[in-house]
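Any value given below was found using the heavy atoms of this structure, including those in side chains, with hydrogens, waters and symmetry copies removed.
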Amino acid sequence: MRLITWNINSLRLRLPLLQKLVEEENPDIVCLQETKVPDPLFPAEALTALGLPYQLYRGMKGYNGVAILSRLPLTSVANTPNWCSREDCRHIAASIETPGGPVLLHDFYVPAGGDIPDPEENEKFAHKLAFVEEATAWFTETPPARSIVVGDLNIAPLEHDVWSHRQLLKIVSHTPPETERLNAWMATGFQDAMRRITPEPTKLYTWWSYRNKDWKKSDRGRRLDHVWMTPDLMPGLRDIRIRRDVRDWESPSDHVPVVLDFDPA
């Protein structure tokens, strides 16, 4: 089974890029974040034409939004939390039938957190910390099994998930309050599948700022996009690839797709 996760940064704007990616990778499932499209305007027919007829999505105008697109039937997971009581379209979950039993797939878009890493001064940062704490509490109370978490978690937790650990320790996405909370969330029952394939100290990035005129030359990246799997699925992990080349496509997202190959048996 092949799964792609990608913060597409506007689905309608980058639909041609998604089409190209699907043609190249032939995925079974695509998880998107930051779709930025309200549900009535979701391009369902165009995505069906790409061979992804099973679709779950939750979106709003101009901001956030998540979607799971699939060649395989999906069952929506009901009663997931309204994180931080905001109704801001940052999580969607689906159950997928496989020969080994159902796999529960969570697609998350964690708040970015603004620029000031102080919850007293910056409400956006406070929201980010609260969101991760709520997710941690929920998965603690609902222990995961045969589950995968993917998405833009907006935190680079490890030293080599950023271009400079020392310089980014006080920069939102790599501060200790964020990385400690993200690790606590993962510890509710998940393992870092990307780092199983590419262990530290190898540098691993999925995001490069639009502010870098030559992103490739400066290579000041961060690993903000993640794939977590429960231990019962980890034996089926085959490969994970980061499609860095997509950052050079015309009008790209600042994130690149992550491609997961696994056997869910």
Side-chain angles (χ1 to χ4, degrees), residues 3-14 18 29-43 55-70 74 76-95 104-115 117 119 122-142 144 147-157 172-173 175 177-179 181-186 188 190 206-207 222-228 253-255 257-258:
L3 182 152
I4 294 175
T5 178
W6 188 17
N7 178 324
I8 197 168
N9 193 11
S10 179
L11 172 57
R12 289 181 291 174
L13 178 64
R14 297 192 168 84
L18 180 59
I29 303 165
V30 176
C31 295
L32 300 175
Q33 304 88 42
E34 213 171 350
T35 55
K36 297 182 178 180
V37 55
D39 290 350
L41 299 179
F42 192 82
Q55 304 166 9
L56 297 175
Y57 46 89
R58 187 172 293 161
M60 56 196 293
K61 183 178 180 180
Y63 298 95
N64 307 340
V66 285
I68 300 176
L69 318 171
S70 179
L74 301 172
S76 178
V77 175
N79 302 319
T80 55
N82 174 22
W83 306 103
C84 300
S85 302
R86 295 215 180 192
E87 297 285 355
D88 57 356
C89 306
R90 292 184 176 275
H91 173 228
I92 198 165
S95 179
L104 188 58
L105 175 61
H106 294 272
D107 182 12
F108 274 96
Y109 176 47
V110 171
D115 294 325
N122 178 8
E123 188 278 333
K124 291 181 178 180
F125 192 70
H127 176 210
K128 182 178 193 175
L129 298 184
F131 187 103
V132 176
E133 288 169 358
E134 282 193 15
T136 302
W138 189 75
F139 280 100
T140 299
E141 296 167 4
T142 314
S147 297
I148 300 174
V149 165
V150 301
D152 177 6
L153 305 187
N154 259 316
I155 299 171
V172 172
S173 78
T175 68
E178 296 168 273
T179 59
R181 284 166 173 81
L182 190 74
N183 288 332
W185 178 6
M186 186 168 61
T188 61
F190 296 98
T206 64
W207 173 92
R222 306 178 201 176
R223 182 172 70 117
L224 303 182
D225 304 270
H226 295 267
V227 177
W228 297 349
S253 171
D254 46 358
H255 295 253
V258 178

* Output, in order, the C-alpha distance, side-chain angles, deciding distance and verdict of side chain to side chain contact (heavy atoms under 4.5 Å, CB included) for Asp254 and Asn9. => CA-CA 8 Å; Asp254 46 358; Asn9 193 11; 4.0 Å; yes

* To do: To the nearest 0.5 angstrom, please state how far the CZ atom of Phe42 sits from the CZ atom of Arg58.
  => 12.5 Å

* Interatomic distance, Ile68 atom CD1 to Cys31 atom SG [nearest 0.5 angstrom] -> 4.5 Å

* **Smallest separation among heavy atoms of Thr35 and Ala67, with atom names** => CG2-CB, 4.2 Å

* Structure fact -> d(Leu69 CG, Leu18 CG) to nearest 0.5 Å is 7.0 Å

* Taking the side chain from Asp152 and the backbone from Tyr109, do they hold a donor-acceptor pair closer than 3.5 Å? -> no

* Run the numbers on Thr188 and Thr136 for side chain to side chain contact (heavy atoms under 4.5 Å, CB included), then give the verdict. => CA-CA 7 Å; Thr188 61; Thr136 302; 3.9 Å; yes

* Structure fact -> In terms of heavy-atom contacts, Pro157 and Asn183 come closest through CB-OD1, 3.9 Å

* **Nearest heavy atoms of Lys124 and Asn122, plus distance in Å** => N-OD1, 2.9 Å

* Asked: Which heavy atom in Leu129 sits nearest to a heavy atom in Pro177, and how many Å separate them?
  -> CD2-O, 4.0 Å

* Taking side chain as C-beta onward, heavy atoms only, is Leu105 less than 4.5 Å from Ile29? -> yes

* Among Asp107, Asn7, Asn154, side-chain hydrogen bond (donor to acceptor under 3.5 Å, both in side chains) partner for Gln33 -> Asp107

* Is any side-chain heavy atom of Pro81 less than 4.5 Å from a side-chain heavy atom of Glu134? -> no

* Could you go through the side chain to side chain contact (heavy atoms under 4.5 Å, CB included) check for Val150 and Leu3 one step at a time? => CA-CA 10 Å; Val150 301; Leu3 182 152; 4.0 Å; yes

* Structure fact -> d(Glu178 CD, Leu153 CG) to nearest 0.5 Å is 11.5 Å

* To do: Identify, with sequence neighbours excluded, every residue that meets side chain to side chain donor-acceptor pair (under 3.5 Å) alongside His106.
  => His91

* Rounded to the nearest 0.5 Å, how far apart are CG of Leu104 and OG1 of Thr142? -> 10.0 Å

* Does the pair Phe190 and Val149 meet the rule for a side chain to side chain contact (heavy atoms under 4.5 Å, CB included), with working shown? -> CA-CA 8 Å; Phe190 296 98; Val149 165; 3.6 Å; yes

* Under 30°, 30 to 60°, or over 60°: which ring-plane class applies to Trp83 and Phe131, parallel, tilted or perpendicular? -> tilted

* **Side-chain heavy-atom pair Leu11, Lys36 within 4.5 angstrom cut-off** => no

* Shortest non-hydrogen contact from Lys128 toward Gly113 -> CD-CA, 3.9 Å

* Asked: Listed by chain and number, what are the side-chain contact (heavy atoms from CB on, under 4.5 Å) partners of Pro117, not counting sequence neighbours?
  -> Phe125, Val172, Thr175

* Asked: Does a donor on one side chain and an acceptor on the other come within less than 3.5 Å for Glu34 and Ser253?
  -> no

* Listed partners of Arg86 passing side chain to side chain donor-acceptor pair (under 3.5 Å), at least two apart -> Glu123

* Asked: Once you round to the nearest 0.5 Å, how far does OG of Ser173 lie from CZ of Arg222?
  -> 4.0 Å

* Asked: What closest approach, in Å, do Ala93 and Leu56 show between heavy atoms, and which atom pair accounts for it?
  -> O-CD1, 4.0 Å

* Asked: Can you tell if the side chain of Pro38 reaches within under 4.5 Å of the side chain of Met60, non-hydrogen atoms only?
  -> no

* Any chance the side chains of Thr206 and Arg223 put a donor and an acceptor closer than 3.5 Å? -> no

